[in-house]
Undergrad: 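Handing you a structure now.
Lettering follows sequence order; numbering is per chain, from 1.
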Number of protein chains: 6
Amino acid sequence: MRISLINPNTSRAMTDKIGLTAREVAGLDVTIDAVCPEFGLAAIESHSDEAQAALAVLREVERGEAAGVDGFVIACFGDPGLDAAREVATGPVVGIAQAAMHVATLAGRSFSVVTTLSRTLGRAQDLVRRYGFAEACVSMYATGIPVLDLEAASAESFEAIAGTCERAVRADAADSIVLGCAGMTDLCEALSERVGVPVIDGVAASVGLVSGMLRMGVGTSKRDEYADPRVDVRAA
Amino acid sequence: MRISLINPNTSRAMTDKIGLTAREVAGLDVTIDAVCPEFGLAAIESHSDEAQAALAVLREVERGEAAGVDGFVIACFGDPGLDAAREVATGPVVGIAQAAMHVATLAGRSFSVVTTLSRTLGRAQDLVRRYGFAEACVSMYATGIPVLDLEAASAESFEAIAGTCERAVRADAADSIVLGCAGMTDLCEALSERVGVPVIDGVAASVGLVSGMLRMGVGTSKRDEYADPRVDVRAA
Amino acid sequence: MRISLINPNTSRAMTDKIGLTAREVAGLDVTIDAVCPEFGLAAIESHSDEAQAALAVLREVERGEAAGVDGFVIACFGDPGLDAAREVATGPVVGIAQAAMHVATLAGRSFSVVTTLSRTLGRAQDLVRRYGFAEACVSMYATGIPVLDLEAASAESFEAIAGTCERAVRADAADSIVLGCAGMTDLCEALSERVGVPVIDGVAASVGLVSGMLRMGVGTSKRDEYADPRVDVRAA
Amino acid sequence: MRISLINPNTSRAMTDKIGLTAREVAGLDVTIDAVCPEFGLAAIESHSDEAQAALAVLREVERGEAAGVDGFVIACFGDPGLDAAREVATGPVVGIAQAAMHVATLAGRSFSVVTTLSRTLGRAQDLVRRYGFAEACVSMYATGIPVLDLEAASAESFEAIAGTCERAVRADAADSIVLGCAGMTDLCEALSERVGVPVIDGVAASVGLVSGMLRMGVGTSKRDEYADPRVDVRAA
Amino acid sequence: MRISLINPNTSRAMTDKIGLTAREVAGLDVTIDAVCPEFGLAAIESHSDEAQAALAVLREVERGEAAGVDGFVIACFGDPGLDAAREVATGPVVGIAQAAMHVATLAGRSFSVVTTLSRTLGRAQDLVRRYGFAEACVSMYATGIPVLDLEAASAESFEAIAGTCERAVRADAADSIVLGCAGMTDLCEALSERVGVPVIDGVAASVGLVSGMLRMGVGTSKRDEYADPRVDVRAA
Amino acid sequence: MRISLINPNTSRAMTDKIGLTAREVAGLDVTIDAVCPEFGLAAIESHSDEAQAALAVLREVERGEAAGVDGFVIACFGDPGLDAAREVATGPVVGIAQAAMHVATLAGRSFSVVTTLSRTLGRAQDLVRRYGFAEACVSMYATGIPVLDLEAASAESFEAIAGTCERAVRADAADSIVLGCAGMTDLCEALSERVGVPVIDGVAASVGLVSGMLRMGVGTSKRDEYADPRVDVRAA
């Protein structure tokens, strides 16, 4: 099976990094296409950025669908364009925020989100509620570290993130930590060791979910809301 | 004061129609700019359409902001681009779904949404929950009438909509009806008379809300989430 | 149009003060009748007070309705008698807690309530939930300042309120502040400047909402719950 | 111990009837004072009626408190004046809607409310949510029978109520029925036999709850919200 | 009437202690059978313990039912086996967590749970939500005191519990305290005096609820979910 | 990796059937141990049965843990013993109700549960809410078919199930169907073809989730609630 891992920003370094993670956790029968748009934003850090990212994701899903890709991962923590992508795809489409939160609720009762800039917390809150995890998500923290600083995180950034994770465990009794940015994927293992509870990276989580769904033959329901919008519904 | 009424689709007829409604309910001190994008979609009827509409809205808000517009209305029932628009605008920004639901909860305990295609009901549900009206919204109905058929609604379409409104009142005890498309704005008065409960058009509702906010000096909070994303947050 | 602004306590000073605010934000076509009961309580600060205030409001709505008033504002933060008033009025009836919260959710994602005595927080919580804003309301603070001390607030009281508002913004990331007493109406502008986020006074907010509803022809739904109770329902 | 059973309407027949029920279910150590106001409404069937009833309840609680009554029951399904009464009473105060719903959730997972006029359903909904039973309450039905027709219910009224209860069990899988009016108290046993699931009368339920609380020494928390409002809080 | 008070652990001392409480608050017409399993766990402090306790409870309910017991109390704060017990019993079955929370919401708006080990807080949260009291429960605290240390609580344990109760009142504005372990039953009166708000012991609370239900003739609804599972449903 | 698939009833036929499904969807690197207790219940159809099943599951997890199993699936739709099993296991533990619901919310917005006996619907409701899917789950249906009739489902049973699935899609706009019993696993493919939306079997879903978690190195959080209860917490 073939999964398209869509980084909606133009950072090739980040695209390569998440491709690496994805391949490590994928089964032998899984091919990962790690892609990103040629033009667009270097980082997605606001609602305006997300609006643009949603279109970039949509274009990549259309391209993947045409190329016979089986399933899709949207590798940006705001899950931009998820609903639109589901209309175009026939197979499963999963966002990394969604995936990480799903796995977190299987690993324990509660989780905390540790993310980049505070201005993105509103979107994260919307997603938590939309996905049904308002009770499970006991806190959210912004580290103040911009996305692009995570391309190659400094020791200082690692400390800031690790410290925030530890605070969430101690102060909020979080059973696990959900990392709030695809760019943190390479820190996940070290953070997990440091913090002592499962630290969950949405890139890895989404590859597991999409490949699991493909193995059991479940794609996106094309019943009505997610039917292909390019088909004339009045003719149906 | 000057309010930009943004129709995210390219229909000039619909833009004129909603401009007419807006001017009728606006106070004498309010100027309405009814605008629509030059290129884009003729109708917004799916998540993919919404993704494109969000960008169109964002561009119009940027244009309006540069031109000294005081407040903005997003005149499409999915409220596309609302969060992004709030980042760019300094004054208030209100979507017509949001506005209609707010007014509905002031006119009674419960409301029902009567809209166009069933595939848009998911988005409407998301908005109802996001705005806090999950308990107030007692039902949602799709009439199956596409947006563009509402440019000049036939007697048949009017009957279909009116019948659906009556059903919502009778079966769900809805205190009022929220019209689920800007294109229904010119039917509102006739529907209200026919159905016997307040029938609420979001175009009129949003003009009232935005001008009321402007009169009391309340715009969009620029604290953090809705701060201008083009400003470097790290410098702040 | 003519709007009756009902202060349910007997303070003439407070009645005059809120009348002033209301006229400042009302359009040119709006006449404000600022009224209060001749006998009754000097301040509404408990459930027992609210029970008495509800009847006072009801009497004023009956009087206004007879005098041809178009819409009503209940100018006490507990919104006493709102449901009863809706039964008697044909036009819109809005409480100032309700109005301020509605506007707050249009100005940003989250708000905090800053009010008078801590014993009134329970009622405020009930209203927040009843109106659908449990997720938007991130905190509530009592300043400990009794209502009547606000007739002419001292510099000390202003500082206490301003400090509490700042705390809500800083500690709870509130996008805006909802003032929890009609008596704070004249502090709103200075607080807004001081705090740096929208500070919302329900008196001003409700005038905007009621006049907006009147302009679009929407009153209270008389379908069933809010039908006039003096009409024999069995005869209908 | 001595419990005041307050009927907020002026019907002596109904007051006697509920006194009878209360004494049947009370332990030997319980004295029931069944009281009603001398002047006021013959029936409570609207929000306006409730506003008036709240004051009547408050007066009776003040009178009972002065006379050394230990606990109070508000015997009207809207639980009018409950919060205000808690301020004045030192012992427990329970409304019959509250009591019936509490017992219903101990008798099974789900309940349905069967009440009088449809215009009272809004208030019942507010109470269900306020008490925390929104998930347990699977439906609400109005029979259209006015309160006073229940003073001495006809065979026809009994059939209407019984049929509605049966419908709730069949269509909504209600584990029990909550009777929505104190005036139905004398029908409870016959309904229970007919319908085959527990039919719960709030009058009986509240006597059990109040006397149980008194036996364990639990009254109303006077911490802050329910402290006596006649005490100067600033002096405390 | 005869009520079986089931302690699911094997501690005879604790069984005697809760029997004492139960008899003190029971009416003269109530016989209390305080029972515990002969073999099993000395304390219930984890989900694994609860799984075993549920079976112990079920066996005692079967035994009581055969012996003509009228109602049952499950005297362990996790309410283990409650749903299963309801299937087997014909009369009412109430858990002490459930009972204490019900009474707490009748004594004020808000309560806090003060319990033993932190690992039991998850179960307590599940119960709070299941019973509908998520809004009323403003906080939960674990004292770190194991169940068996409460057989005869030291002055130090009392201080730890009392201090935690005081903190909940001060920091969370809890109107009352729910004690999170049957073993705290003998501390209830002293805690109540110390803390100044109602401190609620589920053992006492449940005896009141069960006897109240029995007096009004309400048992467990045997409609479907709680019908006797040993009866062949296909034959019905 | 090695996953223990625990059927909590004693049916060898059903155990073999679910083992078959699990192996079909598992990757090449996954070994499935399909196990069931030697003594116990032939079918789990009530809360009493679940109480017994929970212990059976716990015993199998202890056995598997000792044998070096990496992760566990509880293959009964009530997810009996899930919390207890998480305490004992170090790797992930997933119930099939949980797994199916998680996958359903990734395949579309809404799902419906189609299950066996109506008496099990209460438990299913509890799980839906516990897992956060109350908004996503639009309906639940019982077919009235007992678990053991599914060992080798007749054409009649298939028709009953298929018809119910179709009803859920048509009447409730369910995007997918969650099968409410492990015994339906072999009908999943045929139902999916017949109904035209994803039909989701929890056995297959849970294998995907558990193996995905194992590949990314995420097990059960042993922080506090799910720490091994056999370890003395006071010593920690």
Side-chain angles (χ1 to χ4, degrees), chain D residues 21 24-30 83 86 92-94 98-99 101-111 129-136 169 173-176 188-189 192 196-201 204-205 207-226, chain E residues 21 24-30 83 86 92-94 98-99 101-111 129-136 169 173-176 188-189 192 196-201 204-205 207-226:
Chain D
T21 294
E24 271 168 16
V25 301
L28 291 173
D29 53 340
V30 181
D83 278 322
R86 282 178 167 180
V93 189
V94 169
Q98 184 180 42
M101 293 179 198
H102 274 268
V103 167
T105 59
L106 299 173
R109 175 182 298 275
S110 59
F111 65 87
R129 287 169 187 159
R130 171 69 184 79
Y131 299 147
F133 302 133
E135 290 181 349
V169 173
D175 277 341
S176 69
C188 185
E189 196 177 337
S192 215
V197 302
V199 175
I200 297 164
D201 162 42
V207 170
L209 294 179
V210 169
S211 59
M213 290 172 77
L214 287 171
R215 282 197 189 91
M216 66 189 285
V218 170
T220 297
S221 176
K222 310 306 286 184
R223 195 189 51 81
D224 183 22
E225 179 178 356
Y226 298 120
Chain E
T21 294
E24 273 168 13
V25 302
L28 292 172
D29 53 340
V30 180
D83 277 323
R86 282 178 167 179
V93 188
V94 170
Q98 183 180 42
M101 293 179 197
H102 274 269
V103 166
T105 59
L106 298 174
R109 176 182 299 275
S110 59
F111 66 87
R129 288 170 186 157
R130 171 67 183 80
Y131 299 147
F133 302 133
E135 290 182 348
V169 172
D175 277 340
S176 69
C188 186
E189 197 177 335
S192 215
V197 303
V199 176
I200 297 163
D201 162 42
V207 170
L209 294 180
V210 168
S211 59
M213 289 172 77
L214 287 170
R215 281 197 190 92
M216 66 189 285
V218 169
T220 298
S221 176
K222 309 307 286 183
R223 195 187 52 80
D224 183 21
E225 180 178 356
Y226 298 120

Undergrad: Compare every heavy atom of E/Phe133 with every heavy atom of D/His102, then report the nearest pair and how far apart it is.
TA: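 Of all heavy-atom pairs spanning D/His102 and E/Phe133, the closest is CE1-CZ, 4.1 Å.
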
Undergrad: Under a 4.5 Å heavy-atom cutoff, which of E/Val210, E/Thr220, E/Leu106 has the most pairs with chain D?
TA: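 Greatest number of close heavy-atom pairs with chain D: E/Leu106.
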
Undergrad: Using non-hydrogen atoms and a 4.5 Å limit, figure out which bit of D/Ala173 sits close to chain E: side chain, backbone, both or neither.
TA: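 Both the backbone and the side chain of D/Ala173 come within 4.5 Å of chain E.
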
Undergrad: With a 4.5 angstrom heavy-atom cut-off, could you sort out which part of E/Val30 is near chain D: side chain, backbone, both or neither?
TA: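 No part of it gets close to chain D.
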
Undergrad: Examine whether an atom of D/Val103 lies under 4.5 Å from a heavy atom of chain E, and if so say whether it belongs to the side chain, the backbone or both; otherwise answer neither.
TA: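 Looking at D/Val103, backbone and side chain both touch chain E.
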
Undergrad: Please flag which part of D/Leu209 lies under 4.5 Å from any non-hydrogen atom of chain E: side chain, backbone, both or neither.
TA: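 For D/Leu209, the contact with chain E is made by the side chain alone.
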
Undergrad: Between D/Asp201, D/Thr105, D/Val94, D/Val218, who has the most heavy-atom pairs with chain E when the cutoff is under 4.5 Å?
TA: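 If we count pairs closer than 4.5 Å to chain E, D/Thr105 comes out on top.
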
Undergrad: Most heavy-atom pairs under 4.5 angstrom with chain D, which of E/Gly196, E/Ala174, E/Ser211?
TA: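 Option with the top pair count is E/Ala174.
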
Undergrad: Most heavy-atom pairs under 4.5 angstrom with chain E, which of D/Ala136, D/Ala205, D/Ser176?
TA: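 Looking at each option in turn, the highest pair count goes to D/Ala205.
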
Undergrad: When rounded to the nearest 0.5 angstrom, what is the spacing between CD1 in E/Ile200 and OG in E/Ser192?
TA: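 These two atoms lie 8.5 Å from each other.
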
Undergrad: Which bit of D/Met213 comes within less than 4.5 Å of chain E, counting heavy atoms only: side chain, backbone, both or neither?
TA: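 When you check distances to chain E, only side chain atoms of D/Met213 fall under 4.5 Å.
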
Undergrad: Is chain E contacted by the side chain of D/Val93, its backbone, both, or neither, given a heavy-atom distance below 4.5 Å?
TA: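 Contact with chain E: backbone only.
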
Undergrad: Less than 4.0 angstrom from a charged side-chain N to a carboxylate O is my criterion; do D/Arg109 and D/Asp175 meet it?
TA: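 Result for this pair is no, no salt bridge flagged.
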
Undergrad: Donor-acceptor check, side chain of E/Lys222 to backbone of E/Arg86, threshold 3.5 angstrom: yes or no?
TA: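 Between the backbone of E/Arg86 and the side chain of E/Lys222 there is a qualifying donor-acceptor contact (under 3.5 Å).
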
Undergrad: Please tell me if the side chains of D/Val207 and E/Met216 come closer than 4.5 Å, counting only heavy atoms from C-beta onward.
TA: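 Side-chain contact under 4.5 Å: no.
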
